[in-house]
Amino acid sequence: MWFVGTGRSSRAAQIHGIAARLHRVQREADEREAALVGLERVHTEIQRQVQRAEEELAELRRRRIEAYSHWWAVREERDRARHVARRLRRRLDRLHHRLRPFDGRD
């Protein structure tokens with residue numbers, strides 16, 4: 001009686017088991033797909049934040065270079081003014097020394 005029916009029920013059970021497993025695996029795949037969509041949204045938002053931060057950093061670097069350039073120009077102007085003041089002070093001192101003997105007050 002091996003040919004009568006035991007093979008069919010085991011095949012049906014096999015098919016049912018495979019179908020149940022397929023259903024579970026498909027549900028897991030759908031859950032993972034939903035998770036991926038959420039993660040892609042998070043990744044996109046983080047990418048936007050990184051881009052904004054990089055743009056802000058580039059702007060801050062540009063401003064830093066401008067500030068340094070301005071600082072350097074003012075420093076050069078200060079050094080030139082000090083140099084001119086030193087030369088004028090020396091010239092004034094020399095004139096005072098030349099005029100003093102003829103001043104008559106000594």
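Nothing here was measured: the structure is a model prediction, and the numbers come from that model.
- The only option from R61, E55, R62 that meets the side-chain contact (heavy atoms from CB on, under 4.5 Å) definition with E59 turns out to be R62.
- Atoms CD1 and CZ, from I18 and R21 in turn, are 8.5 Å apart once rounded to the nearest 0.5 Å.
- Between Y68 atom OH and R75 atom CZ the span is 7.5 Å, to the nearest 0.5 Å.
- Note: E54 CD to L57 CG = 8.0 Å, rounded to the nearest 0.5 Å.
- Listed by chain and residue number, Q26 satisfy the side-chain hydrogen bond (donor to acceptor under 3.5 Å, both in side chains) test with D30 (two or more places apart in sequence, or in another chain).
- For S69 (side chain) and I65 (main-chain N/O), no donor-acceptor pair under 3.5 Å exists by modelled atom type.
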Exercise for the section: Any chance you could lay out the side chain to side chain contact (heavy atoms under 4.5 Å, CB included) test for L60 and R63, step after step, and finish with the verdict? Expected result: CA-CA 5 Å; L60 290 171; R63 287 176 42 202; 3.8 Å; yes
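- The CD atom of Q47 lies 11.0 Å from the CZ atom of R52; values are rounded to the nearest 0.5 Å.
- The hydrophobic clustering, which links ILVMFWY residues whose side-chain heavy atoms are closer than 4.5 Å, places V42 and V50 together.
- Heavy-atom neighbours of R91 CZ from other residues, nucleotides or ligands within 6.0 Å: at or below the threshold of 12.
- Considering only heavy atoms from C-beta on, R94 stays 4.5 Å or farther from H97 through its side chain.
- Going from atom CG of D93 over to atom CG of L88 covers 11.0 Å, rounded to the nearest 0.5 Å.
- Summarising the geometry, atom CZ belonging to R32 is positioned 11.0 Å from atom CG belonging to L39; distances are rounded to the nearest 0.5 Å.
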